[in-house]
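Computed over heavy atoms, backbone and side chain alike; hydrogens, waters and symmetry mates excluded.
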Amino acid sequence: MLHNSLNSRKIRLFAFAYAGGSSNIFNSWKKQLHPDIELIPVELPGHGSRMSEPLLERMEQVIENAWQDMQAHLQDDREFAFIGHSMGSMLAFEMIHKVHRETGRYPICSFFAGRVPPHISRDHQWGALPDDQFMEKVRTLGGLPDAVLEHEELLQLFLPILRADFRLVEDYRYDGQYPSLPLPIFVMTGEQDNRTNEDIQGWSSYSAVSCRYFTYPDGHFFINTCVDQVIRDVNNTFAEMINNRSTLHRS
């Protein structure tokens, strides 16, 4: 449980979905997150409730658009944090630095799920494959509901979104231009995800404070299949941070 002093000072948790996903993937979170955490899913143009808007093709466009949506939530001095899965981890990482450039503030922590650290780029270009080959690759990852995979019209609706997101991820390059983050980071990964331990451990160099790892008994989309455990770890992490802070304050 979070410390009672948070009752009127909710921590804002900005959440970013994986490629092809929308803010809907976080719907179930709102009932399970501690009431002192205010979840704010960030919807990208062309996704979910913003489906009618044009998809964005470049990282800087996505980050600027997300900043325009988020800045109204950052006008006061309430604490905030980030969480993202897969593509969402990349967006959360870039948004940390965008918010710092714009406001001089950092989040109190960030969760990076289902992704290797930013300096490790993908060596494949699935987003450029023909439709049938691209969808076969997407099927190997899982994550898309059977209702979409088995319904041609729905599949054609999601195809441009998925392709645009994959290209966004595959074109992303990080050359170490940012300093280590002055905040704790928490890395979440699936036991059966196609990531090496060495790659995942690379996240430890991204925080000047601490880096902690959580592992879940499933593949890449553990954020859906192990959602109860993921939310429990998020709740416990915030509780631990606040309790440690309270202890230091009393001492």
Side-chain angles (χ1 to χ4, degrees), residues 1-18 21-44 47-49 66-67 69-100 103 105-115 181-189 203 206-207 209-216 221-249:
M1 299 292 286
L2 295 186
H3 194 270
N4 288 338
S5 64
L6 282 178
N7 286 343
S8 61
R9 302 289 295 171
K10 287 187 177 183
I11 296 174
R12 295 185 175 105
L13 179 60
F14 295 101
F16 295 86
Y18 44 75
S22 73
S23 62
N24 289 337
I25 74 166
F26 298 106
N27 282 348
S28 67
W29 288 48
K30 296 178 181 179
K31 293 182 179 179
Q32 297 184 66
L33 278 175
H34 190 280
D36 288 337
I37 302 173
E38 179 187 3
L39 183 68
I40 305 176
V42 181
E43 193 83 281
L44 303 184
H47 298 67
S49 61
W67 163 246
D69 275 0
M70 291 168 53
Q71 59 179 317
H73 297 287
L74 295 167
Q75 298 302 307
D76 55 27
D77 61 353
R78 272 172 54 187
E79 293 177 319
F80 61 97
F82 287 90
I83 188 167
H85 182 268
S86 198
M87 180 185 77
S89 286
M90 178 182 68
L91 298 178
F93 177 76
E94 285 293 327
M95 284 308 307
I96 289 172
H97 298 286
K98 173 66 173 177
V99 170
H100 183 253
T103 69
R105 300 171 64 195
Y106 280 110
I108 62 170
C109 68
S110 185
F111 298 85
F112 300 112
R115 181 169 167 80
L181 294 168
L183 53 112
I185 64 174
F186 302 92
V187 179
M188 298 173 156
T189 188
W203 276 109
Y206 282 76
S207 172
V209 178
S210 63
C211 179
R212 182 177 174 185
Y213 296 88
F214 297 100
T215 305
Y216 302 93
F221 285 97
F222 65 86
I223 198 166
N224 294 332
T225 57
C226 304
V227 63
D228 292 344
Q229 187 177 347
V230 170
I231 294 173
R232 183 169 61 250
D233 287 338
V234 170
N235 282 336
N236 290 341
T237 296
F238 280 115
E240 184 178 326
M241 291 180 65
I242 298 303
N243 289 337
N244 287 345
R245 185 183 304 170
S246 298
T247 301
L248 288 173
H249 181 73

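- In this structure, the side chains of I37 and L39 stay at 4.5 Å or more apart for every pair of heavy atoms.
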Evaluation steps, side chain to side chain contact (heavy atoms under 4.5 Å, CB included), between F112 and T189:
CA-CA 9 Å; F112 300 112; T189 188; over 6 Å; no
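- Contact of the F222 side chain with the M188 side chain is registered, since non-hydrogen atoms from C-beta on lie closer than 4.5 Å.
- Looking at every heavy atom in both residues, P182 comes nearest to V209 through C-CG2, 3.5 Å.
- Side chain of S89 to main chain of A113: a donor-acceptor pair is present (N/O by atom type, distance under 3.5 Å, no hydrogens or angles).
- Here CZ of F82 is found 11.5 Å from CD of E94. Values are rounded to the nearest 0.5 Å.
- The nearest pair of heavy atoms linking I108 to A81 is CG1-CB, 4.3 Å.
- In this structure, F111 has its ring center no closer than 6.0 Å to that of H85.
- One finds the CE atom of M95 at 5.5 Å from the CZ atom of F16 (value rounded to the nearest 0.5 Å).
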S110/L181 under side chain to side chain contact (heavy atoms under 4.5 Å, CB included): CA gap, chis, key distance, verdict:
CA-CA 10 Å; S110 185; L181 294 168; 5.8 Å; no
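- Taking the side chain as every heavy atom from C-beta outward, P107 and V99 never approach each other to under 4.5 Å.
- For the pair L13/F238, a side-chain contact is recorded, criterion being any heavy-atom separation below 4.5 Å from C-beta on.
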Pair F221-Y18, ring-ring contact (aromatic ring centres under 6.0 Å, His included): steps then yes or no
CA-CA 9 Å; F221 285 97; Y18 44 75; 4.8 Å; yes
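- Of the possible polar contacts, one joining the Q75 side chain to the Q71 backbone as a donor-acceptor pair under 3.5 Å is found.
- No donor-acceptor distance shorter than 3.5 angstrom exists from the side chain of S86 to the backbone of G88, with no hydrogens or angles considered.
- If you take OG on S49 and CG on N24, they are separated by 7.5 Å, rounding to the nearest 0.5 Å.
- Once rounded to the nearest 0.5 Å, the distance linking CD of E79 with CZ of R105 reads 8.5 Å.
- Checking side-chain atoms of R12 against main-chain N and O of H73 turns up a donor-acceptor pair under 3.5 Å.
- Put simply, the side chain of C109 does not reach to within 4.5 Å of the side chain of I185, judged on heavy atoms.
- R212 is linked by a side chain to side chain contact (heavy atoms under 4.5 Å, CB included) to F186, F214, E240, counting only residues two or more places apart in sequence or in another chain.
- If you look at F93 and Y206, their ring centroids are closer than 6.0 Å.
- Using a 4.5 Å cut-off on side-chain heavy atoms (C-beta onward), Y216 and V230 make contact.
- A perpendicular orientation is assigned to the rings of F80 and F14, their planes being inclined by more than 60° (bins at 30° and 60°).
- A salt bridge links E38 with R78: the distance from a Lys NZ or Arg NE/NH1/NH2 to an Asp or Glu carboxylate oxygen falls below 4.0 Å.
- Interatomic distance, N224 CG to S28 OG, rounded to the nearest 0.5 Å: 8.5 Å.
- The backbone N or O of L33 lies less than 3.5 Å from no partner atom in the side chain of N235, so there is not a single donor-acceptor pair.
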Just do the side chain to side chain contact (heavy atoms under 4.5 Å, CB included) check on R232 and T237 with the steps written out, would you?
CA-CA 8 Å; R232 183 169 61 250; T237 296; over 6 Å; no
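- In this structure, N236 CG and Q229 CD are separated by 10.5 Å, a value rounded to the nearest 0.5 Å.
- The shortest distance between side-chain heavy atoms of I11 and D36 does not fall below 4.5 Å.
- Contact detail for P184 and M241: the closest heavy-atom pair is CG-CE, 4.0 Å.
- The minimum heavy-atom distance between P35 and K10, with the atom names listed, is O-CE, 2.8 Å.
- Within the 4.5 Å cutoff, the side chain of H47 has no heavy atoms near those of the V42 side chain.
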